[in-house]
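Position 1 is the first residue of the sequence, and the numbers go up from there.
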Amino acid sequence: MTQISRRTFGLFAGAGAASLALPLYARAQGKPKVVIIGGGAGGATAARYIAKDAGDAIDVTLIEANATYTTCFFSNLYLGGYRTFESITHSYDKLASNYGITVVNGYAQTIDREAKTVTMADGSKVDYDRLIVAPGIDLIWDSVPGYSEEAAEVMPHSWKAGPQTKLLKAKLDAIENGQQIVMVAPPNPYRCPPGPYERVSMFAHVLKEKGFTDSKITIIDPKSKFSKQALFQEGWDKHYPGMIEWYGPDVHGGIASVDPASGQVETDLDTFQGDLVNVIPAQKAGMIAASAGLANESGFCAIDPYSMRSRVDDNVFVIGDACIAGDMPKSGFSANSQAKVAAMAVRGDLIGSKVFPAKYSNTCWSLIESNDGVKVGAQYAATDEKIASTSKFISQTGEDSGVRQETYEESVGWYKGITTDIFGA
């Protein structure tokens, strides 16, 4: 595509406001280009919705480092033995074949926002008219003293689905009766799913299925409370009595260090010994967002709630875990919802299609034990300040077992539906 030079843009500007109202494709030779960095629940959804709803009017390129995508959502069910790894792993083939999306399998290394180019790890460049950044999260390794990328091979985080998920599964399956599991839970804000407390439930399910009554699970949490806490603690008491201990900061007093060599987690209260230690450190937006100047001091990226447009660059949108989404959690459902708003705004920018008011939704399901599912969710609307919750719902303690089974079955149907929505039928 021929780029519009600054001189050419100045000539158009001098022609008056009517010319400026024309969509980009009417002012440039060839189709406008949209590039999406990150092929997760947000990025792949955005690519698909731009391509399918714009017809052949927009050139869409999706850049993703991995050849396939393993979902963080339902990865805990793989740990618990309810799903196969293959069932949570998805291909980009249909996005390419059915929607004409160019899928580039490689690392996006830098973004030049002035030149509007993305430079790949191999040195090649990809031009864009609009850019959607959906890099997910990076881990802040030193937020847990003693933890590192190398330590993660011994004390897996499994907070990026794929090899780490398999590693954690292998370590869980290798636990013997009497051996102990320790989880260091993450501080807010964190990607969820995979939820830490659903994961603990799946750990306990595996131990219970094996009859390992002498093994225990200890959660060392930097937070004084957590989402769906009453539901989880009720479920743990019911299904796994005496098996799970949760310590908040007012009890453990702070995490002093972890030691991969010894399997120890040291706190002000005590030193906890784990044969399996799952450490989930603090998180921030994926590295490329920070290097491009899209993230603020929080480590995440501020966006316009009405469009998911970056607060620092009108040509860039940030969706999913990397953005500051107000009341919305950092979930796959949230990313999928945000992607549709961003896709609509991009089509409006580039081909003048109608842009409707932004609406968002999210539900997070958790499995505590077989057919004992719980959920929390909300509807959201854009305000000048943030994406704000307009209505909420949550499972209740003491619910009938039939309700809980329906909730779990609902989550299974949702997984099938959302992965089809992301990657195409």
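- Side-chain contact check for S215 versus I175: some heavy-atom pair is nearer than 4.5 Å.
- Using a 4.0 Å cut-off between charged side-chain N and carboxylate O, D349 and R309 make a salt bridge.
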Would Y82 and H205 count as a ring-ring contact (aromatic ring centres under 6.0 Å, His included) if you check the C-alpha gap in whole Å, the side-chain angles of each, and the deciding distance to 0.1 Å? CA-CA 10 Å; Y82 293 94; H205 168 76; 4.8 Å; yes
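- To the nearest 0.5 Å, atom CG of residue L269 and atom NE2 of residue H252 are 9.0 Å apart.
- For residues 131-149, the side-chain hydrogen bond (donor to acceptor under 3.5 Å, both in side chains) pairs, not counting sequence neighbours, are D138-K160, S148-E150.
- From Q164, atom CD reaches atom NE2 of H157 across 3.5 Å, with rounding to the nearest 0.5 Å.
- Annotation: cation-pi pair K94/Y92 absent, no NZ/CZ under 6.0 Å from the ring centroid and within 45° of its normal.
- Around atom NZ of K171, more than 12 heavy atoms belonging to other residues, nucleotides or ligands sit under 6.0 Å away.
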Applying side chain to side chain contact (heavy atoms under 4.5 Å, CB included), run through Q396 and I394 and close with a yes or a no. CA-CA 6 Å; Q396 300 299 303; I394 186 170; 3.5 Å; yes
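- A cation-pi arrangement is absent between K228 and Y197 under the rule of less than 6.0 angstrom and at most 45 degrees off the ring axis.
- The aromatic ring centres of W246 and F226 sit less than 6.0 Å apart.
- For the residue pair T70 and Y78, no side-chain donor N or O sits within less than 3.5 Å of a side-chain acceptor on the partner.
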Run the side-chain hydrogen bond (donor to acceptor under 3.5 Å, both in side chains) test on D122 and Y107 for me, step by step, so that the C-alpha distance in whole Å, both residues' side-chain angles and the decisive distance to 0.1 Å come before the verdict. CA-CA 8 Å; D122 64 4; Y107 285 92; over 6 Å; no
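- Salt bridge present: D372 and R404 bring a charged side-chain N and a carboxylate O closer than 4.0 Å.
- Applying the side-chain hydrogen bond (donor to acceptor under 3.5 Å, both in side chains) test to every pair with at least one member in residues 292-305, sequence neighbours left out, gives these pairs: N296-S298, D304-S307.
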